[in-house]
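The block underneath contains the structure these notes are about, expressed in structure tokens.
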Number of protein chains: 2
Amino acid sequence: MLNFDFYNPTRILFGQGQIAALSRLVPAEARVLLVYGGGSIKRNGVYDQVRAALKNHTVLEFSGIEPNPTYENLLRAVEQAKAGQIDFLLAVGGGSVIDGAKFIAAAALHDGEPWDILAIGGKIVDAALPFGCVLTLPATGSEMNSGSVVTRKSTLEKRSFNSRKVFPKFSILDPDTTVTLPLRQVGNGVVDAYAHVMEQYMTYPVNAAVQDRFAEGLLLTLIEEGPKALSMPDDYDVRANVMWSATLALNGLIGAGVPQDWATHAVGHELTALYDLDHAQTLAIVLPSMLRVRKQSKRAKLLQYAARVWNLTGGDEDSRIEAAIVRTEQFFEQMGVKTRLADYGLHRGSIDAVVAALEAHGRTSLGEQREVNAGVSRKVLEMSL
Amino acid sequence: MLNFDFYNPTRILFGQGQIAALSRLVPAEARVLLVYGGGSIKRNGVYDQVRAALKNHTVLEFSGIEPNPTYENLLRAVEQAKAGQIDFLLAVGGGSVIDGAKFIAAAALHDGEPWDILAIGGKIVDAALPFGCVLTLPATGSEMNSGSVVTRKSTLEKRSFNSRKVFPKFSILDPDTTVTLPLRQVGNGVVDAYAHVMEQYMTYPVNAAVQDRFAEGLLLTLIEEGPKALSMPDDYDVRANVMWSATLALNGLIGAGVPQDWATHAVGHELTALYDLDHAQTLAIVLPSMLRVRKQSKRAKLLQYAARVWNLTGGDEDSRIEAAIVRTEQFFEQMGVKTRLADYGLHRGSIDAVVAALEAHGRTSLGEQREVNAGVSRKVLEMSL
């Protein structure tokens with residue numbers, strides 16, 4: 001096991017009816033900025049629940065945080081937070097809204113150029129506004145971690161920062177809020193969570209027995225519960241299991257003490273920035289090919305994955321590995337997320353653009369062994385045509 | 001899944017060499033009370049590492065915290081903390097030292113009768129001294145939770161309290177500190193952690209898929225790594241896996257959103273208070289019989305346990321359940337912890353005393369369904385003769 005430093009102070013209130021707890025969770029004297037997206041929370045009743053819980057609080061609003069939140073838009077929220085003398089943020093929505101709130105929280109108290117938070121990174125974040133979350137879309141894990149991804153529209157750059165100053169103070173996870181989600185978002189969320197686990201699990205063995213078991217437990221749960229979330233959308237326990245799995249997939253726990261990959265995410269980010277694909281779609285396209293191209297360096301863990309997650313123990317090693325990757329692809333497709341570039345109308349020409357973007361952004365030594373250079377990324381994308 | 005409220009702000013620094021980080025983790029201006037046990041940390045070099053890291057800090061000491069720390073002894077530490085104007089505690093040792101530090105931390109800032117913290121419970125704890133831990137004995141999980149168990153010697157009462165005010169600020173887990181442990185303590189620690197998982201897992205199903213997978217992952221890890229910790233005491237990764245498993249067995253995560261039992265612990269506490277058995281010895285005696293006696297109400301989870309942890313899927317249900325319980329007993333014995341009262345020189349007469357103590361302490365409606373009354377506890381103990 002590798003040395004690690006684990007810290008996660010986010011309080012989770014999980015279950016039906018928990019949104020009402022906002023009345024006591026949000027400091028009574030705070031000037032609150034309620035941050036949300038495109039209005040789905042108004043249609044599904046979550047907005048009303050939140051406003052009812054905060055009826056005795058001072059609440060301002062910033063709406064219109066978009067999927068893959070943009071730097072340009074978030075800067076407007078930062079201005080509003082400053083002008084409104086906001087001292088508490090409440091993010092209500094999915095990972096994009098929460099990622100946006102983290103950037104707003106840090107930028108509102110940052111004296112210099114706000115882009116530096118993304119360009120230089122979270123180490124320059126000395127303070128942030130406190131904030132809480134009401135999660136309505138299980139997928140990114142942002143509700144219980146300290147990372148944020150923001151896209152600069154003017155340059156098509158998707159950047160992230162990480163700082164212990166931007167852990168949510170609390171996150172409310174009520175599975176009932178997810179029942180009205182479009183199935184495309186449910187499928188995307190499950191694939192996103194699955195890929196998060198794989199980025200931390202599918203590397204090389206370091207004898208981290210618990211981390212492996214926990215990662216496998218999350219994968220098995222997503223495989224068992226994910227399809228039920230599509231076929232039985234009203235089943236509370238299924239939604240609850242998917243929601244808690246997605247949070248635990250990226251709260252730092254399964255990644256503590258193990259090598260991590262994240263090459264799939266890096267390549268996927270460029271696909272989203274250039275072609276506006278959903279984040280999960282890019283992961284479903286890239287991950288299977290990434291595993292095939294890097295089969296040798298990931299061999300031991302691929303065999304473990306085949307055995308423990310897909311119960312594939314017969315036949316020679318290479319056929320077990322290939323079967324596990326095929327099962328992975330089939331699972332993504334079962335969740336309604338296509339796994340080929342062509343499925344999204346992208347062809348060979350797009351590969352040049354993605355590789356050029358990776359090079360422009362210095363993403364040419366990716367992966368747990370830093371071996372994913374531009375050539376490897378090209379090979380992965382060609383295999384995903 | 002049941003609703004839950006999960007919060008765990010303890011920072012974990014895990015791995016070789018982490019003790020040196022104390023120099024920056026402990027506030028520079030603090031007056032520190034170093035709390036430890038019987039001196040093993042002086043023999044194994046941990047004390048020297050700690051003092052070296054704190055060479056620029058103001059450090060007082062309180063040594064002599066005993067296994068199953070006593071209220072009477074801890075009160076002396078509280079007096080010293082007050083008299084010495086201590087504002088930070090550092091617990092160096094195993095669960096007993098850390099449990100003791102939690103009580104000292106709370107009692108030092110408590111205005112009323114200190115026994116109330118244990119008699120009434122953690123809800124009366126309004127504040128506590130901040131403290132950190134250096135763990136040297138993986139077992140209780142106290143290094144990453146907010147619970148503490150203290151024994152009042154004068155009345156043979158073993159009581160606990162729980163308060164979010166007594167989470168450690170940080171805990172340092174260096175597996176190297178465990179290499180010199182007597183094998184009896186290694187075995188006890190593994191059995192203790194295993195029983196902690198079982199108290200949270202072996203109840204009735206509530207469709208908490210992730211919690212079940214994580215609990216099973218911990219059990220499998222303890223089964224695989226525990227015996228290696230005895231046979232290969234110098235293997236760093238084995239020690240690391242045991243250490244991290246024991247912490248995660250009782251940090252609140254696997255117990256969030258599920259029913260919990262704890263009847264085995266309640267009965268075991270009386271055995272320790274009356275006959276001075278090691279905590280883990282009492283668990284190894286009580287748990288298997290507890291499962292046999294309550295086989296009907298735990299049936300579904302016992303079958304799941306048999307299948308997923310012990311790979312027992314053939315034969316009729318009752319034989320699978322019995323085989324899983326036998327495997328559990330054999331595992332405890334393999335860890336060097338005997339599973340019968342007679343193994344510790346206790347016979348039928350001791351059962352009356354334990355049952356009388358349970359009744360005297362109001363522990364007569366134990367377990368996840370409150371069905372473990374004095375009669376059930378007697379039956380369990382008789383089956384463990």
Side-chain angles (χ1 to χ4, degrees), chain A residues 1-18 21 144 164 167 169-171 173-175 205-222 224-225 235-249 251-254 256-257 308, chain B residues 1-18 21 144 164 167 169-171 173-175 205-222 224-225 235-249 251-254 256-257 308:
Chain A
M1 197 185 303
L2 310 181
N3 279 13
F4 65 83
D5 177 353
F6 176 79
Y7 173 66
N8 193 321
T10 299
R11 179 177 175 185
I12 300 291
L13 278 91
F14 192 102
Q16 281 175 319
Q18 296 278 26
M144 200 185 183
R164 288 188 172 184
F167 275 110
K169 297 295 170 202
F170 63 81
S171 286
L173 278 60
D174 179 350
V206 293
N207 283 325
V210 184
Q211 291 90 328
D212 280 2
R213 291 286 184 189
F214 279 19
E216 289 152 0
L218 291 172
L219 297 174
L220 287 164
T221 303
L222 291 166
E224 288 164 4
E225 303 288 298
D235 189 302
Y236 176 83
D237 281 332
V238 167
R239 293 298 174 130
N241 286 327
V242 167
M243 199 170 206
W244 193 218
S245 296
T247 299
L248 293 172
N251 79 337
L253 185 65
I254 63 167
R308 291 193 185 172
Chain B
M1 197 186 305
L2 310 181
N3 279 12
F4 65 83
D5 177 353
F6 176 80
Y7 173 66
N8 193 320
T10 300
R11 180 177 174 186
I12 300 291
L13 279 92
F14 192 103
Q16 283 175 318
Q18 296 278 26
M144 199 185 183
R164 288 189 172 184
F167 275 110
K169 296 294 170 203
F170 63 80
S171 285
L173 279 61
D174 179 349
V206 293
N207 283 326
V210 184
Q211 290 90 327
D212 279 2
R213 291 287 184 189
F214 279 20
E216 289 152 359
L218 291 172
L219 296 175
L220 287 165
T221 302
L222 290 166
E224 289 165 3
E225 302 288 299
D235 189 302
Y236 176 83
D237 281 333
V238 168
R239 293 297 175 132
N241 286 326
V242 168
M243 198 169 207
W244 193 218
S245 295
T247 299
L248 293 171
N251 79 337
L253 186 65
I254 63 167
R308 291 192 185 173

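Naming convention: chains lettered A, B, ... in sequence-line order (proteins, then strands); numbering from 1 in each chain.
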ask   = Is there a donor-acceptor pair under 3.5 Å between the side chain of N241(A) and the backbone N or O of N207(B)?
value =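 Checking the backbone N and O of N207(B) against the side chain of N241(A), a donor-acceptor pair under 3.5 Å is found.
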
query = Does M1(A) offer a backbone N or O that forms a donor-acceptor pair with the side chain of D237(B) under 3.5 Å?
reply =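 Yes; judged by distance alone, with no hydrogens or angles, the pair exists.
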
inquiry  = For a 4.5 angstrom cut-off between non-hydrogen side-chain atoms, does F214(A) reach L218(B)?
reply    =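 A side-chain contact under 4.5 Å exists here.
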
task = Find the one option among G217(B), A256(B), G17(B) whose heavy-atom pairs under 4.5 Å with chain A are most numerous.
result =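 Option with the greatest count: G217(B).
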
query = Can you name the side chain to side chain donor-acceptor pair (under 3.5 Å) partners of T221(B), sequence neighbours left out?
reply =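 T221(B) satisfies side chain to side chain donor-acceptor pair (under 3.5 Å) with no residue once adjacent residues are dropped.
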
Toward chain A, the part of [X] with a non-hydrogen atom under 4.5 Å:
| X | answer |
| --- | --- |
| M144(B) | side chain |
| E216(B) | neither |
| Y236(B) | side chain |
| V206(B) | backbone |
| L173(B) | neither |
| R164(B) | side chain |

ask   = Of all heavy-atom pairs between N3(A) and G15(B), which one has the smallest distance, and what is that distance?
value =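 That would be OD1-CA, 3.0 Å.
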
ask   = Under a 4.5 Å heavy-atom cut-off, does chain B meet the side chain of L222(A), its backbone, both or neither?
value =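 Nothing of L222(A), per the 4.5 Å heavy-atom cut-off to chain B.
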
request  = Report the distance from atom CG of L253(A) to atom CG of N8(B), rounding to the nearest 0.5 Å.
outcome  =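 It comes to 10.5 Å.
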
Atom pair CG (D5(B)) and CZ (F14(A)), whose distance is rounded to the nearest 0.5 Å =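 Separation between the atoms: 12.5 Å.
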
inquiry  = Just checking W244(A) against F4(B), ring centres under 6.0 Å apart?
reply    =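 Ring centres of F4(B) and W244(A) closer than 6.0 Å.
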
ask   = What option among V238(A), L13(A), D212(A) has the most heavy-atom pairs under 4.5 Å with chain B?
value =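 When all of V238(A), L13(A), D212(A) are compared, L13(A) has the most.
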
